[in-house]
Q: 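This is the structure I want to talk about, given as C-alpha cells.
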Amino acid sequence: MRTQVGIVGAGPAGLMLAQLLHREGIESVVLENRSRDYVEQRIRAGVIEHAIAELLVDAGIGERMRREGIVHHGIKLQFDGERHRMPLSDLTGGRTIVIYGQTEVVKDLIAARLGAALPLFFEVGDVTVHDLESERPCIRFVHDHVDQELECDLIAGCDGYHGICRPSIPHGVLSEYSRDYAFGWLGILAAVAPSNDELVYSHHERGFALLSLRSPELSRLYIQCRPDEDLAEWPDERIWEELQLRLGLEGWTLAEGPVLEKGVTGMRSYVAAPMRYARLFLAGDAAHIVPPTGAKGLNLALHDVRLLAEAIASWYRTGRESLLDAYSEACLRRVWRAEHFSWWMTAMLHPSEEDDDFGRKLQLAQLRYVTTSTAAATSLAENYVGLEQV
C-alpha cells in the first residue's frame, strides 16, 4: 500500500488531520486498533473552544454541532456556599464555548470519511512504524489476518498516550515532563435534564464537584475522589448524596436521574518534547495530557492537527519544510500555556488531603480574587474560551 500521510489512531486528532488533509487534496490512510463501535462510544470531553468550533465548521463537519451543540457564554464558580458567574463572552469580546461531546465529534468525522469513501481501517493489530529517518517511512500492521505494509511520505502519531508511535522514537531524543495528582474524578452520565444552564465548578471541604451536561436531556457530573477508587463502593445513591452535598445551595435543587455510565479517571499532566522525530509527527495525547479541569485535552489535540495540516500542505505545495520544522515549537507554546491553566484550575478547586488549613485558605483567597477582580476574571475567561494567539 502507498499513501502520502499515514495516520495512526482514529481519535479526534487523527480523524481531523485526515479531514483537513483531504480538503487540501492530500491522501491519507487512517489506522485504528479498536473497533468502530468502541471509538464511537467512548465518553470523553465535551467543552469546545471558540476557535475549535470554528475549525470544525471550516473543515466541513460542523453542521450537527451547530444544530445540536449548546452555546455557553459563561461558567459558574461555587465556594463558601455562594455561586459566582464568570461572564466569559463579556470578558473576551464575545467569544463562547460550545457543549458538544467528543464522542459526537468523532462520529461526525467518521461519517465524513466513510461517506467520501476514504481509507479508514478499524481493528488493526501489531502496528509498528519503520524507517522514520528515510524518505519512505512505513507502517506495518495486520488487518483481517493479513500482514500489510503502508509506505508513506510522513507518519502522524495520533494514537494517544499508550500508543506505539511515541515509544518508537529512539531513546534520548525526547524530554518528558509529568506530574501525577493525588486525586481523580468519579464521573457519571445521568438521564436527567441539567440543573443549571451553565457549568458549575464547586470547591467544597469534602472535595471538588462539577455539574456539566451533554444535551438538554443528559447531565454529566463529577466528584473528586481517590485515583484508585473502587466503583463497587460507589452505588448510585452514594454518588447522588455526595453531589447534593458538594453542589447544594439554599434555594436551588440538583435534579437526580438514572445513572447511565460511571467511571473513575486519574489526573495527570504530561508533555513530551519535541513533537517531531524525522518523518514522524506526534499530535494530541500521544504528546501531551492535561487534567480535565481546564477542558483543554480535545482542544489541544485539534489545535495540533490544524498546525500539522497547514505544515504538510505547505510542504507539498512549495517543497519547503519551514512549517514542518516549526511544528513542534509552535504546538508546545500552546501546550505549556494549557498545562499551566489546567494545573492552576486544578490547584484552585481541589482540596487535597496533603493540604493543611493554610492551603485551603489560599484556595479560597484565590477564588475570591478571581470572582471579584476584572483582571483575574479576564485571565480565566481568555484561557477557558481559548487564546487566539500564544
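Since we're looking at a predicted model, the values are computed, not measured.
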Q: Just by distance, do the side chain of Gln78 and the backbone of Ser202 share a donor-acceptor pair under 3.5 Å?
A: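 Checking the backbone N and O of Ser202 against the side chain of Gln78, no donor-acceptor pair under 3.5 Å is found.
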
Q: Could you tell me if the ring centre of Phe79 sits under 6.0 Å from that of His204?
A: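 No, the ring of Phe79 stays outside the 6.0 Å limit from the ring of His204, centre to centre.
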
Q: For the pair Glu149 and Arg140, find out whether any cationic side-chain nitrogen is under 4.0 Å from an anionic carboxylate oxygen.
A: yes

Q: State plainly whether the residues Asp58 and Arg23 are in salt-bridge range, i.e. N to O under 4.0 Å.
A: no

Q: For Tyr222 and Arg220, which I'm curious about, is there any donor-acceptor pair between the side chains at under 3.5 Å?
A: yes

Q: So, does Arg113 use its side chain to make a donor-acceptor pair with the main chain of Pro119 at under 3.5 Å?
A: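 Yes; at least one donor-acceptor contact below 3.5 Å.
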
Q: Taking Leu31 as the starting point, is it possible to reach Met1 by hopping between hydrophobic residues whose side chains are less than 4.5 Å apart?
A: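 Cluster IDs for Met1 and Leu31 match.
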
Q: Between Arg83 and Thr371, is there a side-chain donor-acceptor contact under 3.5 Å, judged purely by atom types and distance?
A: no

Q: Between Ser328 and Met275, is there a donor-acceptor pair closer than 3.5 Å when you use the side chain of the first and the backbone of the second?
A: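 Checking the backbone N and O of Met275 against the side chain of Ser328, a donor-acceptor pair under 3.5 Å is found.
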
Q: Is a side-chain N or O of Thr372 found less than 3.5 angstrom from the main chain of Arg368, in a donor-acceptor match?
A: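 It does hold such a pair.
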
Q: Show me the side-chain donor-acceptor pairs of residues 382-389 shorter than 3.5 Å, one per line, residues at least two apart or across chains.
A:
{"unit_1": "Asn383", "atom_1": "OD1", "unit_2": "Arg337", "atom_2": "NH1", "d": "2.6"}
{"unit_1": "Asn383", "atom_1": "ND2", "unit_2": "Ser379", "atom_2": "O", "d": "2.8"}
{"unit_1": "Tyr384", "atom_1": "OH", "unit_2": "Tyr201", "atom_2": "OH", "d": "2.6"}

Q: Return yes if some donor-acceptor pair links the side-chain N/O of Arg166 with the main-chain N/O of Ala286 below 3.5 Å, else return no.
A: yes

Q: Can you check side-chain contact (heavy atoms from CB on, under 4.5 Å) on Val259 and Leu189, steps first, answer last?
A: CA-CA 6 Å; Val259 175; Leu189 184 68; over 6 Å; no

Q: Decide whether Arg64 and Tyr100 meet the rule of one side-chain donor and one side-chain acceptor closer than 3.5 Å.
A: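 The answer is yes; a qualifying pair exists.
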
Q: Are side-chain N/O atoms of Tyr270 and Glu176 paired as donor and acceptor at under 3.5 Å?
A: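 Yes - a donor-acceptor pair under 3.5 Å links their side chains.
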
Q: Is any NZ, NE, NH1 or NH2 atom of the basic residue among Lys296 and Glu49 found under 4.0 Å from an Asp or Glu carboxylate oxygen of the other?
A: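 A salt bridge links Lys296 with Glu49.
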
Q: Counting only heavy atoms not in Arg320, do more than 12 fall under 6.0 Å of its CZ?
A: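 No, CZ of Arg320 has 12 or fewer neighbouring heavy atoms, counting only those of other groups under 6.0 Å.
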
Q: Walk me through it: do Leu186 and Thr265 pass the test side-chain contact (heavy atoms from CB on, under 4.5 Å)?
A: CA-CA 6 Å; Leu186 194 165; Thr265 302; over 6 Å; no

Q: Classify the ring geometry of Phe281 against Tyr327: parallel below 30°, tilted from 30° to 60°, perpendicular beyond 60°.
A: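 Ring orientation of Phe281 relative to Tyr327: perpendicular.
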
Q: Do His203 and Met348 have side-chain heavy atoms sitting under 4.5 Å apart?
A: no

Q: Side chains of Glu229 and Trp234: donor-acceptor distance under 3.5 Å anywhere?
A: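 Yes, Trp234 and Glu229 have a side-chain donor paired with an acceptor closer than 3.5 Å.
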
Q: Find out if a path of hydrophobic residues (ILVMFWY) with successive side-chain heavy-atom gaps under 4.5 Å connects Leu118 to Val124.
A: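 In one cluster with Leu118: Val124, no.
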
Q: Would a distance-only check, ignoring hydrogens and angles, find a side-chain to backbone donor-acceptor pair under 3.5 Å from Asp159 to Cys165?
A: yes

Q: Looking at Glu63 and Arg66, does any basic side-chain N land under 4.0 Å from a carboxylate oxygen?
A: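 Here Glu63 does not pair with Arg66 in a salt bridge, since their nearest N and O are not under 4.0 Å apart.
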
Q: Set out, in order, the CA-CA distance, both residues' side-chain angles and the distance that settles side-chain contact (heavy atoms from CB on, under 4.5 Å) for Ile188 and Ile239, then state yes or no.
A: CA-CA 9 Å; Ile188 65 169; Ile239 294 173; 3.9 Å; yes

Q: I'd like to know if Trp185 and Leu298 are part of one continuous hydrophobic network [Ile/Leu/Val/Met/Phe/Trp/Tyr, side-chain heavy atoms within less than 4.5 Å].
A: no

Q: Quick one: do Arg238 and Glu242 make a salt bridge, cutoff under 4.0 Å?
A: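 Salt bridge between Arg238 and Glu242, a charged N being under 4.0 Å from a carboxylate O: no.
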
Q: For atom CD of Glu54, decide whether the heavy atoms of other residues, nucleotides or ligands shown that lie under 6.0 angstrom number more than 12.
A: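 Atom CD in Glu54 is packed in, count exceeds 12.
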
Q: For Asp153, which of Arg2, Gln4, Arg279 qualifies under side-chain hydrogen bond (donor to acceptor under 3.5 Å, both in side chains)?
A: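 Result: among Arg2, Gln4, Arg279, Arg2 is the only option passing the side-chain hydrogen bond (donor to acceptor under 3.5 Å, both in side chains) with Asp153.
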
Q: Is it possible for you to say whether Leu211 and Ile75 belong to one hydrophobic cluster, with membership spreading through side-chain heavy-atom contacts below 4.5 Å?
A: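 Not linked; separate clusters.
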
Q: Given side chains that start at C-beta, do those of Trp315 and Ile26 come closer than 4.5 Å, heavy atoms only?
A: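 No, side chains not in contact.
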
Q: Under the side-chain contact (heavy atoms from CB on, under 4.5 Å) test against Val127, which residue among Leu150, Val142, Ile139 passes?
A: Ile139

Q: Would you kindly say whether Thr128 and His130 are connected by a side-chain donor-acceptor distance under 3.5 Å?
A: yes

Q: Looking only at atom types and distance, does a side-chain atom of Arg246 sit under 3.5 Å from a main-chain N or O of Arg206, one as donor and one as acceptor?
A: yes

Q: Quick check: does any side chain N or O of Asp230 sit under 3.5 Å from a backbone N or O of Ala232, one acting as donor and the other as acceptor?
A: yes

Q: Between Leu332 and His288, is there a side-chain heavy-atom distance shorter than 4.5 Å?
A: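 Sidechains of Leu332 and His288: no contact.
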
Q: Are Met16 and Val106 grouped together when hydrophobic residues (ILVMFWY) are joined by side-chain heavy atoms under 4.5 angstrom apart?
A: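 Yes, Met16 connects to Val106 through the hydrophobic network.
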
Q: Does the side chain of Leu302 reach to within under 4.5 Å of the side chain of Val305, using non-hydrogen atoms?
A: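 Yes; the side chains approach each other to less than 4.5 Å.
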
Q: Backbone N or O of Val192 within a donor-acceptor pair of the Ser219 side chain at under 3.5 Å?
A: yes

Q: Using a distance-only test with no angle check, is there a side-chain donor-acceptor pair under 3.5 angstrom linking Glu123 and His143?
A: no

Q: Checking Arg276 now: which residues fulfil salt bridge (Lys or Arg N to Asp or Glu O under 4.0 Å) with it, not counting sequence neighbours?
A: Glu321, Asp325

Q: Counting C-beta onward and ignoring hydrogens, is there a side-chain heavy-atom pair between Asn196 and Leu213 closer than 4.5 Å?
A: no

Q: Do the non-hydrogen side-chain atoms of Val29 and Phe121 ever get within less than 4.5 Å of each other?
A: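 When only atoms from C-beta onward are counted, Phe121 and Val29 do touch, with a gap below 4.5 Å.
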
Q: With distance as the sole criterion, is a donor-acceptor pair present between the side chains of Tyr161 and Arg268 under 3.5 Å?
A: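 A pair is found: one side chain offers a donor N or O, the other an acceptor, under 3.5 Å apart.
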
Q: Quick one: do Leu199 and Ile99 satisfy side-chain contact (heavy atoms from CB on, under 4.5 Å)? Show the steps, please.
A: CA-CA 10 Å; Leu199 279 68; Ile99 307 302; 3.6 Å; yes

Q: Would Asp197 and Lys76 pass as an ion pair if we require N to O under 4.0 Å?
A: yes

Q: Contact between Trp240 and Leu254 at the side-chain level, heavy atoms closer than 4.5 Å - yes or no?
A: yes

Q: Between Met65 and Val105, is any pair of side-chain heavy atoms under 4.5 Å apart?
A: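 Not in contact.
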
Q: Do Tyr177 and Trp336 have ring centroids that are under 6.0 Å from one another?
A: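 Yes, the ring of Trp336 comes within the 6.0 Å limit of the ring of Tyr177, centre to centre.
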
Q: Would you confirm whether Glu32, through its side chain, and Val8, through its main-chain N or O, come within 3.5 Å as a donor-acceptor pair?
A: no

Q: Under a 3.5 Å threshold, yes or no: a donor from one side chain and an acceptor from the other, between Asp285 and His162?
A: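 Side-chain D/A pair, Asp285 to His162: absent.
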
Q: How many angstroms lie between atom CD1 of Ile155 and atom CG of Leu280, to the nearest 0.5 angstrom?
A: 6.5 Å

